[in-house]
Asker: 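Provided herewith is a single structure, encoded as structure tokens, for subsequent inquiry.
In what follows, every chain begins at residue 1, and chains take the letters A, B, ... in the order their sequences are listed.
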Amino acid sequence: MPVADRPTSLLIRHALEQAGLASLLEQRSADTISRTQIESLLRPDLALLAARIAHQRRLEAFGLVTTYARTGEGDAPDIHRAAPALTTWAELLSWGRDHVGACGPRPEEAVRLARTEGLNAADAGKALKTVGFAALAPTRLPELADDLWLEQMAGLSSSGLCLTVGLPFNGDEPPACWIERVQQLRRWQAHQKIADAMLMLPKQLEMGTELAAVPTGFGILQMVALARILVDNVPHLSVPWSLTGIKLGQITLSWGADDWVGPEGYDPGDNPGPVEAPRLTELISAAGFEPVARDAAFHLIGR
Amino acid sequence: MTALETLFMPSPELRPIAEKVLAGERLNFDDGVTLMTSHDLLTIGRLANHVRERLHGDKTYFNQNFHLNATNVCEANCLFCSFARLEEHQPQAYTMSLQQALEKVGELATPQTTEVHIVNGLHAGLPWTYYTDLLKGIKALRPNLHIKAFTAVEIHYFAEKFGLTYEQVLTTLREAGLDSLPGGGAEIFAERVRQKLCDDKVDSDGWLQVHRQAHQMGLKSNCTMLYGHIETPEERIDHLLRLRALQDETGGFQTFIPLAFHHDGNRMRKLPEPTGFDNLRTFAVSRLMLDNIPHLKAYWIMTGVKTAQTSLHFGVDDLDGTVKDEKVYHMAGAETPMALSRAELVRLIRDAGRVPVERDTLYNVVAVEEALSR
């Protein structure tokens with residue numbers, strides 16, 4: 001039987017063509033993704049196709065390497081334990097000198113302190129980098145990001161600091177709104193580099209939260225795949241397993257994620273408790289990937 | 001090989017298996033081991049999803065049920081069990097009186113509840129009438145409630161303890177109100193594993209014989225596999241094939257339920273639990289191997305709600321139910337909710353793009369919910 005007529009080929013081609021996704025495989029830039037294609041990527045019945053495309057994008061960028069941030073172990077800076085609440089710019093710089101390579105405060109906080117000394121974001125970034133910070137703590141992509149936010153991020157990033165943009169999402173928000181925001185992020189990034197990594201931030205169940213606002217497991221996976229496909233110019237897609245549960249976190253590695261934030265944290269899933277680095281590497285390996293520890297700036301520091 | 005094939009089915013070893021699946025051919029032992037050891041989760045998922053949609057389309061079943069565990073005092077000493085207590089006086093050991101058990105039924109059964117799922121420890125001190133009176137009492141209280149009760153392990157224990165054949169045990173229980181059998185106690189059929197984990201309860205042949213007998217009497221039953229502990233991939237596939245062979249013979253299994261091992265509170269706590277990846281792969285491979293068992297159920301209590309929902313695209317077509325008052329796995333450390341509301345089950349199914357179908361135990365449709373429009 002000719003290869004093209006074999007059932008697997010027919011099944012795949014039929015599914016892709018029906019969904020209008022066949023051409024997506026040839027598209028090398030996410031800025032040409034059409035609205036129809038995005039709607040197809042959101043269809044639950046095509047979720048595994050979307051995952052496969054996202055997975056392929058991730059393999060092209062990183063192969064099987066899956067990074068994880070080791071935390072609180074001295075040799076590896078802590079992405080969660082950012083510089084403690086510091087009240088002055090001088091204190092912040094002093095803290096940075098004592099924690100070379102460490103992760104600093106959130107960008108908005110760094111800029112706020114720098115302004116008290118009359119510094120702009122770019123100068124603040126240079127100063128932070130000079131004293132030894134390698135990265136800043138993740139900031140959330142605002143719902144209505146303005147020029148000031150963009151200017152701050154671009155200024156800090158221009159200094160070589162590693163920046164991570166959190167992508168918050170709710171279970172009851174129309175996907176179109178979220179997609180518009182992440183596509184905006186891509187457009188900004190294409191114009192001027194502002195981020196090295198994206199961090200998925202699913203809404204958590206808290207007091208007063210409507211259950212419908214909390215994304216389901218399947219909803220989280222769909223968003224991971226979409227983020228990977230739609231934002232092709234921010235290198236890393238990081239999943240904090242402390243927000244997804246360790247089991248779903250492991251599954252996201254097959255849906256486009258290439259980085260895990262951890263290991264110290266608390267798994268809110270089926271088996272709550274701290275997850276140590278050896279278990280993380282086991283889980284990454286068990287899913288068919290190669291675990292590699294990284295520092296706060298996504299430099300690989302150990303296999 | 002087309003570019004599309006390379007992209008969407010990158011593992012060469014899976015391609016011949018995929019051809020078989022799409023052609024509707026039966027998979028063999030080697031195919032199963034290849035699948036169970038593959039890291040190509042998305043391909044395995046797509047194949048399982050293909051079979052699931054061929055069988056059920058988008059329909060995803062659930063029911064409104066509750067669990068009754070009347071005693072956890074148990075003569076069996078299974079290493080993986082966190083629920084059982086060997087003797088009555090031990091901490092956390094309990095045995096409900098008949099009145100207490102029936103009060104529990106009255107408390108948990110709502111007008112919408114269609115099923116009670118009863119599983120107990122193997123209690124040396126309870127008379128035969130305890131079980132028959134329990135069933136009669138429930139039927140007197142709620143005549144329309146389907147009683148799915150007593151694993152094959154319990155049926156075997158009753159036969160040995162009370163000097164009856166399997167047929168006599170099942171006949172008497174059916175006359176008292178038994179409607180079907182749950183699938184628990186199968187664990188892993190491989191004798192090597194069974195000897196290490198649970199050598200003092202019914203063996204594999206006995207477990208299968210109980211279900212064979214039930215099926216021959218017209219009783220439906222479910223089947224399970226406890227995975228993710230010391231068993232090998234080969235032993236998992238062997239387990240599935242033994243179930244498939246019995247199903248070829250009797251056709252009496254309705255649903256297969258893979259049960260993820262939990263380690264808290266038992267003597268296997270040093271072992272890691274199965275991962276999310278392994279859960280999805282096991283579901284999908286089960287769907288592909290068990291081509292003659294209609295339904296595949298994700299028991300959300302053991303896998304977690306998120307993984308269970310995702311499994312609806314990895315071969316699963318049933319999310320169990322509201323499952324009020326489950327004790328066996330919560331005592332093993334399951335941190336899943338003690339129950340899910342009907343509305344939450346419907347939301348989970350709809351959000352995964354499936355059509356929620358409320359069923360009774362025998363898969364008669366109770367209500368169909370509309371799919372979520374996107």
Asker: Do the side chains of B:K20 and B:D291 get close enough for a salt bridge, i.e. N-O under 4.0 angstrom?
Answerer: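 Judged by the 4.0 Å cut-off on N to carboxylate O distance, B:K20 and B:D291 do not form a salt bridge.
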Asker: Could you state the interatomic distance from CG (B:L312) to NZ (B:K59), rounded to the nearest 0.5 Å?
Answerer: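 If I round to the nearest 0.5 Å, the distance is 15.5 Å.
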Asker: Under 4.5 Å, heavy atom to heavy atom: which of residues 280-288 of chain B reach chain A? Give them by number, or say none.
Answerer: B:L280
Asker: A:S285 versus chain B, heavy atoms under 4.5 Å apart: side chain, backbone, both or neither?
Answerer: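 Contact with chain B is through the backbone of A:S285 alone.
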Asker: For chain B, which candidate among A:E282, A:H55, A:Q250 shows the most heavy-atom pairs at distances under 4.5 Å?
Answerer: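 When all of A:E282, A:H55, A:Q250 are compared, A:Q250 has the most.
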Asker: Atom CZ of A:F62 and atom OG1 of A:T67: how far apart are they, to the nearest 0.5 Å?
Answerer: 7.5 Å
Asker: With sequence neighbours excluded, tell me which residues meet side-chain contact (heavy atoms from CB on, under 4.5 Å) with B:D58.
Answerer: B:E53, B:R354, B:V355
Asker: Determine whether the side chains of A:R58 and A:T66 contain a donor N or O and an acceptor N or O closer than 3.5 Å.
Answerer: yes
Asker: Tell me if the CD atom of A:E60 is crowded by more than 12 foreign heavy atoms within 6.0 Å.
Answerer: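 Yes, CD of A:E60 has more than 12 neighbouring heavy atoms, counting only those of other groups under 6.0 Å.
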Asker: Can you tell me which portion of A:I220 sits under 4.5 Å from chain B's heavy atoms? Options are side chain, backbone, both or neither.
Answerer: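 When you check distances to chain B, only side chain atoms of A:I220 fall under 4.5 Å.
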Asker: Under 3.5 Å, side chain of A:N233 to main-chain N/O of A:R186, donor-acceptor pair present?
Answerer: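 Pair found, side chain donor or acceptor close to backbone of A:R186.
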